[in-house]
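Just so you know, ligand 1 is whichever comes first in the structure, and atom 1 is the first atom listed for that ligand.
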Amino acid sequence: MELAGKESCTGCGACAYVCPKKCISFKKDETYYDIAYPVIDEKQCINCGKCQKSCPALNPLERATPISAYAAWSSDSEERRTSASGGVAAEIYKYALKKGWSIVGASFCEDFKVRLELADDLDAIKKFKNSKYVFSSTADIFHKIAQKLKEGGKIVVIALPCQIAAIRKIFHDKLDDLLLVDLVCHGTMPYEYLKQYIGYIEKSYCKKAVRLTFRDPAKGTENFALSLYDEKDVCFYSCASFEDIYQFAYHCMVAYRENCYHCCYANSNRVSDITLSDYKGLGACSPCKFLEKKVSSVLVNTTKGREYIDELIHNNLIVVEKRPIEEPIKGDSQLRHPSVKSFSRRLWEKKYKRNFVNVTLYVYKMSEFRNILLGIYYLPNRIFRKLYRILSS
Ligand SMILES: Cc1cc2nc3c(=O)[nH]c(=O)nc-3n(C[C@H](O)[C@H](O)[C@H](O)COP(=O)(O)OP(=O)(O)OC[C@H]3O[C@@H](n4cnc5c(N)ncnc54)[C@H](O)[C@@H]3O)c2cc1C
Ligand code: SF4
Ligand code: SF4
Ligand code: SF4
């Protein structure tokens, strides 16, 4: 029984959940950048084929073309301050809880692992909001969703597109009770790398990290500062630039899971009812009185999604401005194609020897050196163009 290959397996866990013999487990592939993949225990497998049928990578889902687009943010300034962009996700959650629905989102658990969790209380929103730039496990979320639906509950899920696809595959006959919201996503890195990175920073600063934030609200989440806090909740490390190796590896697309470079969800047709992202290119297609800072882009993909967003607007939970649909698509390359393997990624692949920190430090230095060489190579060209502009003005 063959599961999805390394270029397409997202690690969504749908196959392991549906397996009647529970003979699929995730194992780190030490020969392949330490990424975890599902492995079948052939001795127990009864060849029923359920794992293959439920796999969104092997059986792609139908997608919806967005029907409208908004620039939007939460009416609550504190939600907006502490969220990654506009805080729309927090308002989607709050309204769901008000209606008596449950909510699903990603939160940190032990040792900075990230997992999808189901909750019924407002406190959970604090844990769910803001971006966690690491692979999030679906561990037992499918069981929890199944149980809640069985009890007659309704659920709002906000997660990555590949996770939403898994939920749609598994609960294909229960979609009326689910509102599915995905994020525009450029990739995730294995937890193993984050663990090594935190150990490296702790050692350098002789401190133990108790709290981590990838977009620290204290520095303005729009500035992408990765911060680590100690047991007294004092920040002992914070870096907003790509000089930080984790930020470099993540934001420069150097160390993602292989499938993220081939992601079939990185386009304008969506697997969800609503798609959220940081609004890039706001005002590029038609005049807009707002700046893109702390503004979310909301793509409404289905009638169900439209009704929900309309309710948020009528209840004054979010502030919106309708925008041309093509504007956020033009502004964000992840709505057009997957992350591209750069020179740095190729070098990283070549040099990876089971140590994320060492290889990333090396690649970072090499990419800086390459940028200097490129700067020197293009210098005469730049001088010539400047002279030409001066002489012709
Ligand atoms: C891994 C990742 C990559 C992203 N890439 C892009 C991008 O390329 N371009 C872009 O415009 N926007 C991207 N985003 C989305 C963006 O950062 C914001 O999440 C989005 O604009 C919504 O902002 P918000 O303020 O409404 O909510 P937020 O405060 O960001 O909360 C949104 C939700 O994100 C979920 N979440 C956070 N981390 C994870 C995770 N690791 N796995 C699953 N769910 C998670 C939480 O459950 C929460 O419900 C990405 C987000 C993540 C998590
Ligand atoms: S074929 Fe059936 S028993 Fe075998 S791994 Fe897949 S789901 Fe499990
Ligand atoms: S169901 Fe998900 S985890 Fe399993 S093989 Fe397919 S993509 Fe990979
Ligand atoms: S880039 Fe695609 S495959 Fe990778 S985590 Fe994001 S949605 Fe999933």
task: Could you tell me which atoms of ligand 2, counted from 1 in the order shown, lie closer than 4.0 angstrom to a heavy atom of I46?
output: 3 (S), 4 (Fe)
- prompt: Any non-hydrogen atom of A266 lying under 4.0 Å from ligand 4?
  reply: no
query: Among protein heavy atoms, which sits nearest to atom 7 (S) of ligand 3, and what does the distance come to when rounded to 0.1 Å?
result: T10 N, 3.5 Å
message: I need the atoms of ligand 4 closer than 4.0 Å to a non-hydrogen atom of P161, numbered in the order shown.
response: 7 (S)
- prompt: Any idea how Y17 and F142 line up, ring-wise: parallel (<30°), tilted (30 to 60°), or perpendicular (>60°)?
  reply: tilted
query: Backbone or side chain, does C51 get an N/O/S atom under 2.8 Å to atom 6 (Fe) of ligand 2?
result: yes
task: Flag this pair as yes if the NZ/CZ of R346 is under 6.0 angstrom from the six-membered ring centre of Y261 and inside a 45 degree cone about the axis; otherwise no.
output: no
- prompt: Should the ring pair Y308 and Y95 be called parallel, tilted or perpendicular, given that the plane angle runs from 0 to 90° and is split at 30 and 60?
  reply: perpendicular
- prompt: What orientation do Y246 and F214 show, parallel under 30°, tilted 30 to 60°, or perpendicular over 60°?
  reply: tilted
- request: Identify, for atom 4 (Fe) of ligand 3, the protein heavy atom at the shortest distance, and state residue, atom and that distance.
  value: C15 SG, 2.3 Å
query: What is the closest protein heavy atom to atom 5 (S) of ligand 3, and at what distance does it sit?
result: A4 N, 3.7 Å
- request: Of the side chain and backbone of V18, name the one, both, or neither that has a heavy atom under 4.0 Å from an atom of ligand 2.
  value: neither
Heavy-atom nearest option to atom 6 (Fe) of ligand 3, drawn from A36, C55, A166: C55
- request: Look at the aromatic rings of Y193 and Y352 and report parallel, tilted or perpendicular, splitting at 30° and 60°.
  value: tilted
field: Sub-4.0 Å atoms of ligand 4 with respect to non-hydrogen atoms of N259
entry: 3 (S), 4 (Fe)
